[in-house]
There are 2 protein chains.
Amino acid sequence: MISGKFAITIHILTLLTKYPNDYLSSEHIAGSINLNPVLVRKEIANLKAHHIVESKEGKNGGTKLCVDPSKITLKEIFEMTFENINLGYAKNQPNPACPVGKKINENLSSLYADMNQKVSLQLEGISLEDFSNQF
Amino acid sequence: MISGKFAITIHILTLLTKYPNDYLSSEHIAGSINLNPVLVRKEIANLKAHHIVESKEGKNGGTKLCVDPSKITLKEIFEMTFENINLGYAKNQPNPACPVGKKINENLSSLYADMNQKVSLQLEGISLEDFSNQF
DNA sequence: ACATTTGTAACATATTTTATTACAGTATGA
DNA sequence: TCATACTGTAATAAAATATGTTACAAATGT
């Protein structure tokens with residue numbers, strides 16, 4: 001199972017990019033994603049921690065982008081919302097007495113590290129502005 | 001959460017590659033992965049369906065590779081055990097009345113398709129033999 | 001004051017992954 | 001032929017993770 005964090009965050013940021021002058025409420029954003037507003041606020045909390053957006057509390061409050069969407073890439077959003085790309089590990093500790101069990105996780109990790117490098121390179125080439133312009 | 005299917009399958013295949021002349025029992029393999037033998041047999045069932053291994057029932061039975069490990073790549077194993085690489089979707093149906101909600105999944109899918117292509121290219125360059133030789 | 005909104009905690013539900021138990025069927029070899 | 005050691009598979013349970021809901025204090029504009 002893969003959590004929707006990245007997708008939700010991209011959705012939020014695309015909306016904020018489309019309406020750069022408005023403070024959008026979590027309710028409004030949640031209506032576009034069709035998601036509970038609390039979950040939207042949780043992802044916004046993460047974005048705030050990374051100084052990508054700013055929020056205003058109280059009436060007419062909401063959230064607003066505080067970076068230039070042409071200056072931030074999907075790679076940064078990926079890193080804020082996703083550990084890393086991988087194809088999983090067997091949960092248990094493999095048997096260290098077996099030459100395969102002993103090294104399997106190390107070898108998988110190295111394979112996955114290569115994967116991440118390739119994916120990062122791809123995502124680095126796409127700015128938030130690029131992504132938003134597709135809509 | 002990402003299931004361990006790929007990792008378990010790679011582990012099984014690496015063992016079978018190391019002992020190409022033996023029928024290894026699910027119990028034996030499970031001992032290296034430190035996993036329940038039933039789960040090993042389930043992954044083996046999948047490998048059998050793809051004609052990568054063959055099994056022998058009964059006493060002294062077990063499983064054995066039936067392809068040349070230099071001829072099969074990690075890409076094929078990936079495709080047998082993993083839908084595709086992606087960074088997730090918001091679970092609910094996004095709002096079709098919103099221009100972003102309407103196209104978000106399409107645009108994410110296209111992003112993920114590019115990711116898969118890059119990952120596939122990487123995995124295609126690694127044979128099971130290559131992977132096993134790291135141990 | 002009042003209405004609206006964020007921020008956050010606490011709790012509930014759903015889904016997915018992993019583990020366990022059970023047992024019928026099959027081959028081996030003493 | 002009979003005990004033994006396997007596979008194959010179903011059914012069920014447990015654990016982990018993801019998502020949803022309720023509640024309410026605090027902030028702020030009108």
Side-chain angles (χ1 to χ4, degrees), chain A residues 1-9 11-12 15-16 19 22-31 33-66 81-83 86-94, chain B residues 1-9 11-12 15-16 19 22-31 33-66 81-83 86-94:
Chain A
M1 194 175 13
I2 286 171
S3 112
K5 273 174 79 79
F6 175 82
I8 292 165
T9 298
H11 196 140
I12 293 168
L15 285 170
L16 297 181
Y19 304 98
D22 300 336
Y23 282 91
L24 302 185
S25 75
S26 62
E27 189 99 25
H28 177 164
I29 295 170
I33 309 181
N34 189 17
L35 196 71
N36 193 293
V38 175
L39 300 180
V40 172
R41 297 208 283 273
K42 272 185 190 163
E43 294 316 318
I44 284 174
N46 185 34
L47 287 166
K48 282 176 61 181
H50 288 86
H51 309 101
I52 308 298
V53 303
E54 56 184 80
S55 294
K56 204 169 64 175
E57 292 187 33
K59 194 165 180 179
N60 302 328
T63 302
K64 178 174 171 298
L65 211 57
C66 69
T81 56
F82 215 93
E83 285 302 308
N86 70 74
L87 305 180
Y89 297 87
K91 274 293 156 62
N92 287 321
Q93 300 295 321
Chain B
M1 192 176 12
I2 287 172
S3 114
K5 275 175 76 82
F6 174 82
I8 292 165
T9 298
H11 197 141
I12 293 168
L15 283 170
L16 296 180
Y19 303 98
D22 299 337
Y23 283 92
L24 302 186
S25 75
S26 61
E27 187 100 28
H28 178 164
I29 295 170
I33 309 181
N34 189 16
L35 194 73
N36 195 292
V38 174
L39 300 180
V40 171
R41 296 208 282 275
K42 273 186 188 160
E43 295 314 319
I44 284 172
N46 185 34
L47 287 166
K48 281 175 63 182
H50 288 87
H51 309 101
I52 309 297
V53 304
E54 56 184 79
S55 295
K56 205 170 65 176
E57 292 187 30
K59 192 167 181 179
N60 301 328
T63 302
K64 179 174 170 296
L65 210 56
C66 69
T81 56
F82 217 92
E83 285 302 307
N86 71 73
L87 305 180
Y89 298 87
K91 275 291 157 62
N92 286 321
Q93 300 295 320

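All chains are named by letter (A, B, ...) in the order of the sequence lines, taking the proteins before the strands, and each is independently numbered beginning at 1. For the numbers below, each heavy atom of this structure counts, side chains included, while hydrogens, waters and symmetry mates do not.
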J.: Report the residue (B:Tyr89 or B:Gly61) whose heavy-atom-nearest nucleotide on DNA chain D is the more 5′ of the two.
T.: B:Gly61
J.: When you look at B:Glu43 and B:Lys5, which way does the salt bridge (charged side-chain N to carboxylate O under 4.0 Å, His left out) test go after all the steps?
T.: CA-CA 7 Å; B:Glu43 295 314 319; B:Lys5 275 175 76 82; 3.4 Å; yes
J.: Quick one: B:Glu43 CD to D:dT7 C1', roughly how many Å, whole number?
T.: 16 Å
J.: Quickly work out the A:Lys56 NZ to D:dG29 P distance and round it to whole Å.
T.: 6 Å
J.: Please report the distance, rounded to the nearest Å, between CZ in B:Phe6 and P in C:dT18.
T.: 15 Å
J.: What's the closest nucleotide to the B:Ser25 side chain, out of D:dT7, D:dA18, D:dG8?
T.: D:dT7
J.: Round to a whole Å and report the spacing from CE of A:Met1 to C1' of C:dA14.
T.: 9 Å
J.: Measure the shortest side-chain to side-chain distance between B:Leu16 and B:Leu47 over non-hydrogen atoms and say whether it is less than 4.5 angstrom.
T.: no
J.: Between A:Ile44 and B:Lys42, name the one whose nearest nucleotide on DNA chain C is closer to the 5' end.
T.: A:Ile44
J.: By nearest atom, which of the nucleotides C:dT18, C:dT16, D:dT21 is closest to the A:Val38 side chain?
T.: D:dT21
J.: When you measure from the side-chain N and O atoms of A:Ser55 to the phosphate of C:dG7, is any distance below 4.0 Å, counting only OP1 and OP2?
T.: yes
J.: Side chain of A:Arg41 only, heavy atoms from C-beta on: which candidate in D:dA18, C:dG7, C:dT21 is closest?
T.: C:dG7
J.: Distance alone, cut at 3.5 Å: any donor-acceptor contact between the side chains of B:Thr63 and B:Ser55?
T.: yes
J.: Is there a donor-acceptor pair under 3.5 Å between the side chain of B:Asp22 and the backbone N or O of B:Leu24?
T.: no
J.: Whole-Å distance between D:dA18 C1' and A:Glu83 CD?
T.: 15 Å
J.: From D:dA27, D:dT9, D:dG29, pick the nucleotide closest to the side chain of A:Asn60?
T.: D:dG29
J.: D:dG29 P sits how many Å from A:Tyr23 OH, rounded?
T.: 10 Å
J.: Closest to the B:Glu57 side chain: D:dT21, C:dT8, D:dG8?
T.: D:dG8
J.: Touch check for B:Asn36, heavy atoms < 4.0 angstrom, all strands: base, sugar-phosphate only, or nothing?
T.: base
J.: Could you state the CD-P distance from B:Glu27 to D:dG8, rounded to the nearest angstrom?
T.: 15 Å
J.: Quick one: on DNA chain C, does B:Lys59 or A:Ile2 contact a more 5' nucleotide (nearest heavy atom)?
T.: A:Ile2
J.: Please give, in whole Å, the distance from C:dT17 C1' to B:Ile33 CD1?
T.: 15 Å
J.: Could you give the distance from CD1 (A:Ile33) to OH (B:Tyr89), rounded to the nearest 0.5 Å?
T.: 15.5 Å
J.: So, does A:Ser26 get its side chain near the phosphate of C:dT6, meaning an N or O under 4.0 Å from OP1 or OP2?
T.: yes
